Amino acid sequence: MVSFDVSSFNWIAIVLAGVSAWIIGAIWFSPPLFGRRWMAALGIKPEDAGNPAPGFVIALVISIIGATFPRWVVGVAGATSIADGIEVALIIWFAFILLPSAPSLLFTKSSKTAFAITQVQHAIAMSAMGIVLTAYR
């Protein structure tokens, strides 16, 4: 039986992993990097986007909560090195983020550009979580 015992988790590392993923997302989707291109691919004008502050706060909370699952998988996988952490994180991204999201491109008129920008950001953010979670286990 698999146990989801969180008593041995380093909660500071989980918070740091979530914050690192959030920072990567904030930089990635900033106007100078990919924000303008991503918004254009989605057909959103910057002036129509509204105040991003509530979204930033919610995204931060979600990132911190979301770092709990990769921490558990890192433990179950026995990942101890940073390379192991990145590998676990990329497996999680591929299996639970990329693959379930990909069919939307087949059945909707979703932007392939926006999808690619988002998925690369997810892979990088998950890798950062893997690094933090194995470095500070």
Side-chain angles (χ1 to χ4, degrees):
M1 182 162 101
V2 176
S3 170
F4 193 72
D5 178 16
V6 298
S7 63
S8 66
F9 286 10
N10 179 343
W11 292 100
I12 294 171
I14 290 171
V15 169
L16 290 174
V19 169
S20 70
W22 179 81
I23 289 170
I24 289 167
I27 293 168
W28 191 263
F29 290 106
S30 68
L33 203 54
F34 293 107
R36 287 188 195 104
R37 188 169 177 199
W38 177 74
M39 289 178 79
L42 292 172
I44 301 170
K45 295 178 184 168
E47 60 271 12
D48 296 335
N51 180 4
F56 279 126
V57 172
I58 293 167
L60 176 59
V61 171
I62 290 169
S63 289
I64 293 169
I65 293 169
T68 306
F69 177 72
R71 168 52 189 96
W72 177 70
V73 177
V74 160
V76 169
T80 56
S81 70
I82 288 175
D84 291 344
I86 293 170
E87 183 179 1
V88 167
L90 289 175
I91 290 168
I92 292 169
W93 164 74
F94 184 79
F96 297 104
I97 300 172
L98 176 67
L99 289 179
S101 302
S104 69
L105 291 173
L106 302 172
F107 300 106
T108 68
K109 295 182 186 207
S110 298
S111 165
K112 290 178 178 76
T113 299
F115 182 82
I117 290 170
T118 301
Q119 289 303 319
V120 172
Q121 183 273 330
H122 285 318
I124 293 169
M126 286 298 300
S127 296
M129 280 190 189
I131 290 167
V132 172
L133 294 169
T134 52
Y136 300 102
R137 236 176 129 198

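Everything numeric in this text was worked out from a predicted model, so none of it was measured.
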Looking only at heavy atoms, what is the nearest atom pair of [X] and [Y], with distance?
{"X": "Ala49", "Y": "Met39", "answer": "CB-CE, 3.5 Å"}
{"X": "Pro31", "Y": "Arg36", "answer": "O-NH1, 3.2 Å"}
{"X": "Ile14", "Y": "Ala67", "answer": "O-CB, 3.5 Å"}
{"X": "Gly78", "Y": "Asp84", "answer": "O-OD2, 4.5 Å"}
{"X": "Leu105", "Y": "Ser111", "answer": "CD2-O, 4.1 Å"}
{"X": "Pro54", "Y": "Asn51", "answer": "CD-O, 3.4 Å"}

| request: Give a yes or no on whether Leu33 and Val120 share a hydrophobic cluster (residues Ile, Leu, Val, Met, Phe, Trp, Tyr; joining criterion: side-chain heavy atoms under 4.5 Å apart). | output: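 The answer is yes; both residues are in one hydrophobic cluster.
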
| task | Answer whether the closest heavy-atom distance between the side chains of Met126 and Pro70 falls below 4.5 Å. | result |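 They are in side-chain contact.
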
| Heavy-atom side-chain contact between Arg71 and Ser8 under 4.5 Å |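 In short, these two side chains touch, coming nearer than 4.5 Å.
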
Out of curiosity, [X] [atom1] to [Y] [atom2], how far, rounded to the nearest 0.5 Å?
{"X": "Thr113", "Y": "Phe34", "atom1": "OG1", "atom2": "CZ", "value": "11.0 Å"}
{"X": "Ser101", "Y": "Trp93", "atom1": "OG", "atom2": "CH2", "value": "10.0 Å"}
{"X": "Ile124", "Y": "Met129", "atom1": "CD1", "atom2": "CE", "value": "13.5 Å"}

| message | Taking ring pair (Phe, Tyr, Trp, His ring centres under 6.0 Å) as the cut-off, I'd like each qualifying pair that reaches into residues 44-70, sequence neighbours left out, listed once. | response |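 Every ring pair (Phe, Tyr, Trp, His ring centres under 6.0 Å) pair that includes a residue of residues 44-70, provided the two are not neighbours, is Phe69-Trp72.
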
| Which pairs, with at least one residue in residues 108-137 and sequence neighbours excluded, count as a ring pair (Phe, Tyr, Trp, His ring centres under 6.0 Å)? |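 Sorted result for residues 108-137: empty, none.
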
| Pick from Leu133, Ile91, Ile92: which one makes a side-chain contact (heavy atoms from CB on, under 4.5 Å) with Val73? |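 Only match with Val73 under side-chain contact (heavy atoms from CB on, under 4.5 Å): Ile92.
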
| message | Name the residue from Val61, Leu60, Ile64 that meets the side-chain contact (heavy atoms from CB on, under 4.5 Å) definition with Trp22. | response |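 Only match with Trp22 under side-chain contact (heavy atoms from CB on, under 4.5 Å): Leu60.
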
| With sequence neighbours excluded, residues passing side-chain contact (heavy atoms from CB on, under 4.5 Å) with Ile12 |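 If we apply the side-chain contact (heavy atoms from CB on, under 4.5 Å) test to Ile12, skipping adjacent residues, the hits are Asn10, Leu16.
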
| query | With distance as the sole criterion, is a donor-acceptor pair present between the side chains of Gln121 and Trp38 under 3.5 Å? | reply |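 Note: Gln121 and Trp38 side chains miss the donor-acceptor criterion.
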
| task | Over 60° means perpendicular and under 30° means parallel, so classify the ring planes of Phe4 and Phe9, tilted if in between. | result |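 Judged by the thresholds at 30° and 60°, the geometry between Phe9 and Phe4 is perpendicular.
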
